[in-house]
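Report on the following structure.
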Amino acid sequence: MLTERIQKAKDEYVNNKPAISYDRARIWTESYKRTEGQSEMIRRAQAFKDVCEELTVTIFPGELIVGAVGEFRKCGILTPEFSWTWVDKEMDHFSDRVQDPYEMTDEQRQYVRQHIFPYWQGKSLEEAFLAQIPDETATVAVDTGIVDIDSKWRQSVGEITPDYEDCLLKKGFGGIIAECKDKMAQLTLSRPGALKQQDFYRAVILCSEGMITLARRYAQKATEMAAAETDSNRKNELLQIADICSRIPECPPETFQEALQMIWFYQLGGILMENPLSLNPGRFDQYMYPYYQHDKAAGLHDDNSILELIECYWLKLSEWVWTISANTADFFAGYNQFQNLTVGGSGRDGKDATNELSYLALKATAEVKTHQPGLSVRISQKSPRDFVDAVMELVAQGTGFPAIHSDKTGYQMLKNLGYETEDARDWNNCGCVVPHFRKTFEWTSTVNVNFSGAFEYATNGGKSRITGKQMGLPVYQDRQFASYDAVEEAFFTQFDNLIDISVTGTLVAQRLQKEMIPRPYFSALFEDCLEKGKDLVDGGAKYNVGPVLTGIGLAEAANSLAAVKKLVFDDQVCTMAQLLKAMDENWEGYEELQKQAQQAPKYGNDLDYVDDIAQRIANHFYEKTHSYTDIYGSPFTSAFMGISNFIPTGRVIGATACGRKAGEPISEGVSPVAGTDISTPISAMKSCAKLNQDIHSGGTLLNMRLNHDLVSTKRGRSNIASMVQSFFDMGAFHVQFNTLSTKTLLDAQAHPEQYKDLLVRVAGYSTQFVHLSKTLQDSIIRRSVHDGM
């Protein structure tokens, strides 16, 4: 049961509309005006410090963990150095945007147009990218839904797991400052590269000083509020907050609340620095466990008060709103920032490391029902049965939490990337479903690649069926195919072209991010960066992993190729010309043929006929992607993760051979096309497990709906747990479940005001159902509901 404090905070979280603050952008812009001519490294660090010194300090009623990105409880910020033109175009209609609307006043819009945006004209990352990307690449890779790199040139990269365990919690920012000063004293400035190293250390010091200053300002604010507080309990809480913030994050923490405040302060700083996607709390139950043990032994807290603190932290993670364009919101719907927090799994020694905090994290998620953090669990045959049972009890709530991952496959994915054994064992999830490690620099969800686009261009001479525009290679324009092999060859020809376009766009974005967006704040928690005097963007991390290309529509593409093979070449139900004409006409007048196409073998039913095609596509995707290297010399990496990208990628694709009509969603991750896995959940899992998942080190995702009756009893939950373990034994990596009934979801569509805190699994994340567009809601409802094993 929620405490009164948490219930009030949750009510604020549920009922408040996301609002935009320009405070950060105002301070950042004024700072940049003062630092013209200095290195970009120093300018970013100084701007960050200025924000820490000037940002409005707000402590909301009842808070125990403090720190806010702006003046609103549910708040987004602007980062014009990354992009501002889309804000200028869209902000007049922020409040009535179809997906992820924001509140913004006329006064705010007038201010940013007069005082902020003019300075950044011609200076933003977005403008540089659009000016430098080759025209032929931009045709396919800018706001098309075919190749989407939007989040890497309109936004910060993010995708960091801070090293709390070895860095911040041990040293504090005071220790990091001392280390940087010591390193600077050892530099010989006449040596090539030393001046750049000096700038790096100075920048880290500026960022660290900024965070210490910001915390002290919160200490002062809490002291002032305590002086005016009439309630003795709240007065004592504010005085304790003041005491903690006077020492944290400068000094290492001693108690659980101090450690929790420190990691939130670091998260807050990361948001203010970059507004990042996927700034991951990492293995929370591991690095926080010593503080839990300390407080329990010292009698400072029991599990109930620890749980309340955890829930305070959950709410802080959920109150920050990621500010993104309408196009990006289509791909990342639901105000989701992908702050992935991982519990369970083995330790660095290979032994199971599940502990009391693992259970409390599950309980906090079950009780508070916030969309953040994105809770992931690692499961193996070594996992305690009680922990697996607790996981299944949370699954039964229907929130889509937690995401369930194979401990073994995650380890193997990192070993395949060259990680040391102990580091590979110590993996956490990044963002959606990406196995990650805290000493890694990586672009995870770099590009969304529309596999159905490759099928469309293969069967339509490289042209879009919807617009008629030439988007792919102008091959097979006569649309004559003598055999199924010729169709598949055309598919892979267009497929390879889309991969090439993806890589080209990524290389432009990588180079510009390196030149324009140094990252001293995040680099401060990388031991290798501090040792080398080398920023993350210069390859300073221990592990530099190549960018991840995410495949969208694997099942849809496999189903379409299978339908061509079945209808045209095996059963000769129709000619290729007839099938192509039916797609050209969006199946209008070809309803009987459409029905036969819909009845062709579908991925997700344990049918080798179509599963073999899916496996060939997936293997080819890995081989082709892995053949490219990025600007650091690292091979590109493949993934099948799912966000809301299956909606906009489907919207731009005409009718497909599997019977799908134009504009309908395609498929996400390694999941079946919604509604086509008509056999058992085990069959769907078998289809998925046939893929060589461990080679796709960017992560793989399986989304499933189960009838709630299957998880409503202890025996049913035990059966699902056994099914998941068997799935992982087959080499799979991930599965997550929606267990809400169709009746509940339809009622939530009709009466959203009654379901404000209803969470659903979209793809690699959960969010409030009422925050999703009707199209996305419908796609979730349309997923097959499995009634039996």
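Everything numeric here is computed off the predicted structure, so don't read it as measured data. Residues take their numbers from the sequence shown, with the count starting at 1. Side chains are part of it too, since the values below use all heavy atoms of this structure and drop only hydrogens, waters and symmetry mates.
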Y266 ring center near Y521 ring center (under 6.0 Å): yes
Counting only heavy atoms not in K542, do more than 12 fall under 6.0 Å of its NZ? yes
For the CG atom of N429 and the CG atom of L341, what is their distance to the nearest 0.5 Å? 10.5 Å
Decide if the gap between the ring center of F733 and the ring center of H405 is smaller than 6.0 angstrom. yes
Are there over 12 heavy-atom neighbours, none belonging to Q397, within less than 6.0 Å of that residue's CD? yes
Would S671 and L702 count as a side-chain contact (heavy atoms from CB on, under 4.5 Å) here? Give the steps. CA-CA 5 Å; S671 304; L702 174 62; 4.0 Å; yes
Do other residues, nucleotides or ligands put more than 12 heavy atoms under 6.0 Å from R385 CZ? yes
Pair V377-F387, side-chain contact (heavy atoms from CB on, under 4.5 Å): steps then yes or no: CA-CA 10 Å; V377 297; F387 181 66; 4.1 Å; yes
Name the orientation class of the two ring planes belonging to Y287 and F284 (parallel below 30°, tilted from 30 to 60°, perpendicular beyond 60°). perpendicular
Strictly under 6.0 Å, is that where the ring centroids of Y543 and W427 end up? no
Examine K408 relative to F728 and say whether NZ or CZ is less than 6.0 Å from the centre of the six-membered ring and inside a 45° cone about the ring axis. no
Side chain to side chain donor-acceptor pair (under 3.5 Å) test vs D423 passes for just one of R348, R438, K415, namely R348
Would you call D407 and K382 a salt bridge, using N to O less than 4.0 angstrom? no
Between E237 and R234, does at least one N-O distance fall below 4.0 Å, as a salt bridge requires? yes
Hey, are K171 and D166 close enough for a salt bridge, meaning a charged N less than 4.0 Å from a carboxylate O? no
